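Computed from heavy atoms alone, side chains included, the values below leave out hydrogens, waters and symmetry copies. As the structure is a computational prediction, the values presented were derived from the model and not from experiment.
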Amino acid sequence: MAHQDLSITAKLINGGVAGLVGVTCVFPIDLAKTRLQNQHGKAMYKGMIDCLLKTARAEGFFGMYRGAAVNLTLVTPEKAIKLAANDFFRQLLMEDGMQRNLKMEMLAGCGAGMCQVVVTSPMEMLKIQLQDAGRLAIHRQGSASAPSTSRSYTTGSASTHKRPSATLIARELLRTQGLAGLYKGLGATLLRDIPFSIIYFPLFANLNNLGFNELAGKVSFAHSFVSGCVAGSVAAVAVTPLDVLKTRIQTLKKGLGEDMYSGITDCARKLWIQEGPSAFMKGAGCRALVIAPLFGIAQGVYFIGIGERILKCFE
């Protein structure tokens, strides 16, 4: 059993390292995704590149990393829960780990998706407020400076809105709405993460298995990397409509003329009526671009076996 514990610990370290490296690499694209999904009416950003350029210009290089601290702090426990839960359910549901059973793999993925939401939901909630703050500041400035550009206090008020911190937001939410405030959008997060895990885990396992080399007794790094990227992208694009709903529901501060939503169905209805079906795919390209490297990096970290190496140092 000792060996089993070791492999779980190593897996958790690998997942954590992969999460940290991944978030650092792709966070600006994730920020663009949130802002693109949140804009309605007159578009402020034409696309991902335009959004990143405008953000860098208005808020500096680190403006693109607004909200990254929350992610970096919570990504390790999130990845740890997801990986450990998927492993646990796979062992529970599939008597001998070798036999492939698609239904059981999907169930294991579903279990992993449900468990990780404990961390994912509040993490995303805080991250979205921080990521969207810059867009709202520009939004307010634009609408406030339209009648008269000489009123300098409008830009002042925009900049006071500009730098919220995760701790402040979390404290405010807990004070006004209790724990439920932090878990706003939990249903939407579950609706996104469960289908994602159901698609990703079996798809990756099966794609990865195609490259199994009898002689080497394992799959090559390049094949694993590509499998991770493909499975991640497919799953990410497939659940984009649910991600758009989740982003809208979890955004607390709205710009002028932007809707409030009472729940998932209300949000979906308003989105469909006011912005058309295409609105459900906002940020799909960004999502694919965020998720593919994340899973590619995760595969790389696993392949190199960073967790195992770290544990060897402590032996």
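Hydrophobic clustering (side-chain heavy atoms under 4.5 Å, transitive across Ile, Leu, Val, Met, Phe, Trp, Tyr) keeps L72 apart from L31. Connection of L186 to L174 is established within a shared hydrophobic cluster, with ILVMFWY side chains joined at heavy-atom distances below 4.5 Å, either directly or through further cluster members. Hydrophobic clustering (ILVMFWY, side-chain heavy atoms < 4.5 Å, transitive): L191 and I128 are in distinct clusters. Hydrophobic clustering keeps V237 apart from I291 (ILVMFWY residues linked when any side-chain heavy atoms are closer than 4.5 Å, directly or through intermediates). Hydrophobic clustering, with ILVMFWY side chains joined whenever heavy atoms are under 4.5 angstrom apart, groups L190 together with I81.
Within a 6.0 Å radius of CE in M281, more than 12 heavy atoms belonging to other residues, nucleotides or ligands are found.
Looking at E59 and M64, their side chains never come closer than 4.5 Å, going by heavy atoms from C-beta outward. Residues I306 and I310 have side chains in contact (heavy-atom distance under 4.5 Å, counting atoms from C-beta outward).
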Requested in this report: Go through the steps for F88 and C115 under the test side-chain contact (heavy atoms from CB on, under 4.5 Å), then give the verdict.
Outcome: CA-CA 11 Å; F88 171 75; C115 292; over 6 Å; no
Take L53 and I49 through the side-chain contact (heavy atoms from CB on, under 4.5 Å) test and state the conclusion after the steps. CA-CA 6 Å; L53 288 172; I49 309 288; 4.0 Å; yes
Given the rule in the side-chain contact (heavy atoms from CB on, under 4.5 Å) test, do E78 and K82 qualify, once you have shown the distances and angles that lead to the verdict? CA-CA 6 Å; E78 183 209 29; K82 189 173 188 158; 5.6 Å; no
Run the side-chain contact (heavy atoms from CB on, under 4.5 Å) check on L126 and Q129 step by step: do they pass? CA-CA 5 Å; L126 296 172; Q129 312 317 314; 5.6 Å; no
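F295 and F204 have their aromatic ring centers separated by at least 6.0 angstrom.
Counted by atom type alone, T55 and R35 present one or more donor-acceptor pairs between their side chains at under 3.5 Å. In summary, the side chains of T251 and N38 do present a donor paired with an acceptor at a separation below 3.5 Å, with no hydrogens or angles considered.
Screening residues 231-247 for side chain to side chain donor-acceptor pair (under 3.5 Å), with sequence neighbours left out, gives K33-D243, Q37-D243, Q37-T247, E124-K246, R192-D243, K246-Q250. Counting only residues at least two apart or in different chains, side chain to side chain donor-acceptor pair (under 3.5 Å) contacts with residues 22-32 comprise D30-K127, D30-Q131. Among residue pairs with one or both ends in residues 37-75, those qualifying as ring-ring contact (aromatic ring centres under 6.0 Å, His included) are F61-Y65; sequence neighbours excluded.
A search for side-chain hydrogen bond (donor to acceptor under 3.5 Å, both in side chains) contacts involving D193 returns Q116, not counting sequence neighbours. Contacts of C267 classified as side chain to side chain contact (heavy atoms under 4.5 Å, CB included), with partners at least two apart in sequence or in another chain: L245, R248, I249, Y261. For F221, the ring pair (Phe, Tyr, Trp, His ring centres under 6.0 Å) partners at least two apart in sequence or on another chain are F225, F303.
Not a single donor-acceptor pair under 3.5 Å links the side chain of K54 to the backbone N or O of R135. Between the side chain of R287 and the backbone N or O of A236 there is at least one donor-acceptor pair closer than 3.5 Å. Q39 contributes a side-chain N or O that, together with a main-chain N or O of M44, makes up a donor-acceptor pair within less than 3.5 Å. In this structure a side-chain-to-backbone donor-acceptor pair under 3.5 Å is present from N14 to G307. H223 places a side-chain N or O within donor-acceptor distance of the main-chain N or O of L207, the cut-off being under 3.5 Å.
The two residues L271 and A279 have their closest heavy-atom pair at CG-CB, 4.0 Å. Shortest non-hydrogen contact noted between V118 and Y183 is O-OH, 2.6 Å. Shortest non-hydrogen contact noted between C286 and A32 is SG-CB, 4.3 Å. Contact detail for C25 and I297: the closest heavy-atom pair is SG-CD1, 4.1 Å. Across all their heavy atoms, R66 and A133 have their closest contact at NH1-CB, 3.8 Å. Residue L74 comes nearest to V119 through the heavy atom pair O-CG1, 3.6 Å, listed as atom of the first residue, atom of the second, then distance.
Among the candidates E275, K254, Q274, the single residue satisfying the side-chain contact (heavy atoms from CB on, under 4.5 Å) test with D259 is Q274.
S220 OG to N208 CG: the interatomic distance, rounded to the nearest 0.5 Å, is 8.5 Å. To the nearest 0.5 Å, atom CG of residue N86 and atom OH of residue Y200 are 9.5 Å apart. How far CD1 of I29 is from CE of M48: 5.5 Å, rounded to the nearest 0.5 Å. Expressed to the nearest 0.5 Å, how far CG of L252 lies from CD of E172 amounts to 10.0 Å. Rounding to the nearest 0.5 Å places OG1 of T9 at 10.0 Å from CD of E308. Here M123 contributes atom CE and L182 contributes atom CG; the two are 13.0 Å apart, rounded to the nearest 0.5 Å.
Salt bridge D266/R269: present, at least one basic N to carboxylate O contact under 4.0 Å.
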